[in-house]
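Okay, handing you the structure first.
In what follows, every heavy atom counts, from backbone to side chain, and hydrogens, waters and symmetry copies are set aside.
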Amino acid sequence: MSDDPATESAPASPESEEPARGIGASLPAAEARAKTEGTYPYAADLWAEGLLWAAILRSPHAHARIVSIDTTAAARMPGVRAVVTHSDVPGDPSYGRKVADRPVFASDVVRHHGEAIAAIAAEHPDAARLAAAAVAVEYEVLEPVTDPEKAFSAEPLHPDGNLIRHIPLRYGDPAVQGDVVVEGLYRIGRQDPAPVGAEAGLAVPRPDGGVEIYTASTDPHTDRDLAAACFGLPPEQVKVVVTGVPGATGDREDPGFQIPLGLLALRTGRPVKLTATREESFLGHAHRHPTLLRYRHHADTEGRLVKVEAQILLDAGAYADQSSESLAAAVAFACGPYVVPHAFVEGWAVRTNNPPSGHVRGEGAMQVCAAYEGQMDKLAAKLGVEPAELRLRNVLATGDILPTGQTVTCPAPVAELLRSVQEFPLPTLPKDTPEEAWLLPGGLEGAGEPGAVRRGVGYGLGMVHMLGAEGTDEVSTATVKVHDGVATVICAAVDTGQGFSTLARQIVQETLGIEEVHVAAVDTDQPPAGPATHGRHTWVSGGAVERAAKMVRTQLLQPLAHKFGMSTELLQIADGKITSYDGVLSTTVTEALDGKELWATAQSRPHPTEPLDESGQGDAFVGLSFCAIRAVVDVDIELGTIRVVEMAVAQDVGRILNPAQLRTRIEAGVTQGIGTALTENLRTSHGLVRHPDLTGYALPTSLDAPDVKIVRLVEERDVVAPFGAKPASAVSVVTSPAAVASAVRAATGRPVGRLPIRPQAAVAQG
């Protein structure tokens with residue numbers, strides 16, 4: 001990122017200096033120092049007296065019938081205290097957030113590589129792993145279904161069949177034709193969340209016959225309910241304590257690591273710990289949906305869109321997970337942030353024997369963004385119009401109607417965003433000197449001839465929905481307590497890196513004028529706050545904290561207002577002082593508290609949404625967020641190597657709550673998107689994951705990260721959102737792969753229809 005702040009955000013006026021605390025301040029995260037110094041306690045650091053170690057036996061096959069499972073030899077090994085399989089699950093044998101179709105342990109059939117077969121608890125981790133290897137499983141290997149297009153006609157892989165969901169979207173007149181038509185086929189690979197810290201947890205049995213699970217959960221109440229059902233216990237006998245979350249982009253929403261832990265703790269009566277290997281992490285959690293997309297765009301001779309036709313096929317892998325929600329986002333946003341009077345989209349999510357797919361930041365929206373932006377580039381080329389200009393002729397604005405029939409009521413400054421990145425100065429060309437040879441694609445020793453390098457400039461416009469969709473009941477509860485001049489926030493909203501803990505402190509500082517604010521650790525003894533996805537906690541949980549803090553504020557001010565014969569609205573709190581409008585009253589918050597303990601609990605619930613109907617119509621989304629990115633890339637057109645030089649970003653953020661945190665989130669989202677565009681693809685062969693490690697799976701490093709220029713942050717507040725703010729990171733993840741692909745097309749003249757971009761796709765033709 002550039003050191004020049006003038007190139008990173010909209011210029012600030014001299015009088016709008018950043019406050020020292022409260023909303024608008026760059027308050028650092030409370031755990032930042034501990035994480036930096038290496039003293040932060042992650043889930044893998046947990047310990048308990050009498051600890052046992054767990055290991056999970058996983059299937060080496062993508063599809064097989066289980067003939068027999070013999071645990072005798074494993075159970076007799078020294079140090080082994082328990083071996084559990086499907087027959088030892090006392091409650092529901094399967095689980096799932098929307099559809100309970102995923103077994104805790106495979107019983108009769110294996111549906112994907114790495115599916116859990118058995119779990120072992122032993123005195124030493126090596127003993128547990130050796131015992132897992134000693135479990136004798138006889139398989140009848142079956143032919144896997146790995147092509148999602150063949151899943152429609154293949155034998156059912158699950159009692160529920162292979163089709164998880166079909167959404168036909170019908171909007172306008174199907175007979176309408178455009179003067180200019182372009183078609184495209186696009187394929188998006190399987191991106192893994194690749195958490196820096198692999199999954200880990202600790203389960204501790206309770207005296208009442210229940211169990212406590214300590215883990216880096218992002219949705220503890222749902223995890224508790226799923227686990228309790230599998231344990232055959234009431235939810236109140238299962239407690240999930242959130243600990244050591246290192247950050248998450250969807251990977252920590254799968255309780256498949258937690259349920260075996262709890263079963264082993266209940267069986268042995270001792271604490272049991274599991275720290276997954278990197279291979280287990282790759283095999284066990286969900287990934288981004290690989291997607292096949294076919295598009296046909298119709299436009300008039302001026303380049304204005306007339307009709308969009310699309311087919312979208314999501315590979316859900318073996319189980320349903322979040323595929324229904326991902327498909328809804330993909331179908332609803334299939335036309336992008338553009339005005340399209342006629343749209344006809346068919347979307348399917350199907351089961352295969354590939355690794356499970358699920359929620360990863362920007363799910364559904366990212367895949368279609370890469371496709372519809374590819375179509376806009378094709379249309380621009382066919383019409384002989386500049387790609388940015390073509391987009392400007394079609395962009396969405398507030399008051400326009402989505403192809404789902406929903407009116408865009410939130411701020412939608414898409415044209416403003418695009419113009420901002422379009423007008424931002426382009427980076428200078430690298431000098432052809434040995435000192436800067438590392439700037440060429442491939443770097444030192446890997447670059448070809450400088451004369452083979454071509455520069456390309458491309459654009460991407462993206463959109464995502466905020467909060468849940470299609471009738472999801474979004475609600476969060478928060479309590480704010482004040483005692484001895486210190487405020488405490490109690491809310492089960494997990495901070496996965498989106499900054500909720502910091503925001504909660506800022507809200508209380510702003511509302512109550514109290515400097516010292518603590519956010520309590522999260523567990524399921526607290527009221528639910530929901531999952532940490534789609535920017536929910538900034539909106540829903542932040543809104544609950546704000547309401548609770550305002551209730552405490554009223555309790556604090558009422559005695560003073562009564563004493564001076566005025567309403568509380570005539571009093572204000574700033575910099576730790578309480579003053580009246582006329583200056584008669586002036587005291588400190590500490591003096592007003594006078595040792596009293598004040599507290600309040602409040603809920604926040606946005607306006608309801610509705611499911612898409614049989615024609616893909618409905619008000620399915622609470623709000624939308626938009627982003628424009630201009631990518632500049634250098635491509636060696638002989639070797640196909642690509643270097644992303646710069647990403648210029650403009651985004652509508654509603655309101656900037658924490659400037660430093662916001663910039664960091666956008667930068668991180670852009671970098672994750674670059675991984676999608678260029679390097680990240682969890683490859684499989686006949687359903688078997690190839691190289692499930694960080695050597696075979698190429699994450700972008702600091703050397704791959706380009707200059708990220710945040711050139712415009714549009715603060716047009718969304719009136720229905722607390723503080724008027726919008727989520728920040730998902731939309732940059734969605735938009736950046738499309739922008740990079742657009743720039744590679746500009747440099748090479750190649751269509752670039754597959755992500756990640758293969759070297760052969762970046763070699764210029766003839």
Heavy atoms only: give me the nearest Ala365-Val734 pair and the separation to one decimal.
O-CG1, 3.6 Å
Residue set satisfying salt bridge (Lys or Arg N to Asp or Glu O under 4.0 Å) with Arg224, at least two apart, ordered chain then number -> none
Hey, does Leu263 have a side-chain heavy atom less than 4.5 Å from the side chain of Pro90?
yes
Rounded to the nearest 0.5 Å, what's the gap from CG on Leu512 to NZ on Lys550? Could you check?
11.0 Å
Just distance, no hydrogens or angles: give the donor-acceptor pairs under 3.5 Å from side chains in residues 403-413, sequence neighbours left out.
| unit_1 | atom_1 | unit_2 | atom_2 | d |
| --- | --- | --- | --- | --- |
| Gln406 | OE1 | Ala620 | N | 2.9 |
| Gln406 | OE1 | Phe621 | N | 3.2 |
| Gln406 | NE2 | Phe621 | O | 2.7 |

Ignoring hydrogens and angles, tell me if any N or O in the side chain of Glu510 forms a donor-acceptor pair with the backbone of Ile23 under 3.5 Å.
yes
For Tyr95 and Pro103, work out which heavy atoms get closest and say how close.
CE2-O, 3.9 Å
From Ile507 atom CD1 to Arg547 atom CZ, the distance as rounded to the nearest 0.5 Å:
12.0 Å
Can you label the angle between the His166 ring and the Trp348 ring as parallel, tilted or perpendicular, going by 30° and 60°?
parallel
Quick note, salt bridge (charged side-chain N to carboxylate O under 4.0 Å, His left out) partners involving residues 462-489, not counting sequence neighbours, are Arg165-Glu470, Asp473-Arg605, Glu474-Arg536
Ile312 side chain near Val345 side chain, heavy-atom distance below 4.5 Å
yes
Arg97 and salt bridge (charged side-chain N to carboxylate O under 4.0 Å, His left out): which partner among Asp321, Asp223, Asp225?
Asp223
Pairs involving residues 611-628, ordered by first then second residue, that meet side chain to side chain donor-acceptor pair (under 3.5 Å) (sequence neighbours left out):
none
So, Thr533 versus His359: side-chain donor-acceptor pair below 3.5 Å or not?
no
Taking 4.0 angstrom as the limit, do Asp315 and Arg351 come out as a salt bridge?
no
Let's go through Lys98 and Glu325 carefully: what are the C-alpha distance in whole Å and the side-chain angles of both, what is the deciding distance for salt bridge (charged side-chain N to carboxylate O under 4.0 Å, His left out) to 0.1 Å, and is it a yes or a no?
CA-CA 9 Å; Lys98 298 294 183 181; Glu325 293 78 3; 3.8 Å; yes
Calculate, to the nearest 0.5 Å, the distance between atoms CZ and OG belonging to Arg361 and Ser732 respectively.
7.0 Å
Note: Gly362 and Ala730 closest approach over all heavy atoms is N-CB, 4.3 Å
Could you list all the side chain to side chain donor-acceptor pair (under 3.5 Å) pairs where at least one residue sits in residues 231-245, not counting sequence neighbours?
Lys239-Asp525
Under 3.5 Å donor-acceptor, Thr291 side chain and His289 backbone:
yes
Residue list, salt bridge (Lys or Arg N to Asp or Glu O under 4.0 Å) with Lys596, at least two apart or on another chain:
none
Between the side chains of Lys726 and Asp652, is the shortest nitrogen-to-carboxylate-oxygen separation below 4.0 Å, so that they form an ion pair?
yes
Look up atom CG in Asn658 and atom CZ in Arg663, then write down how far apart they are to the nearest 0.5 Å.
9.0 Å
Using side-chain hydrogen bond (donor to acceptor under 3.5 Å, both in side chains), reason through Thr568 and Gln558 one step at a time and then give a plain yes or no.
CA-CA 6 Å; Thr568 56; Gln558 271 181 338; over 6 Å; no
Contact between His287 and Gln191 at the side-chain level, heavy atoms closer than 4.5 Å - yes or no?
no
Does a side-chain heavy-atom distance below 4.5 Å link Val480 with Trp599?
no
Correct closest heavy-atom pair for Ser729 and Arg665 would be OG-NH2, 2.9 Å
Closest non-hydrogen atoms of Met463 and Leu402, given as atom of the first, atom of the second and distance, are CE-CD2, 4.0 Å
With a 4.5 Å limit on heavy-atom distance, are the side chains of Val211 and Leu261 in contact?
no
Measuring from atom CG of Leu598 to atom NE2 of His483, what distance do you get when rounded to the nearest 0.5 angstrom?
10.5 Å
Rounding to 0.5 Å, atoms NE2 (His537) and OG (Ser501) come to a distance of 9.5 Å
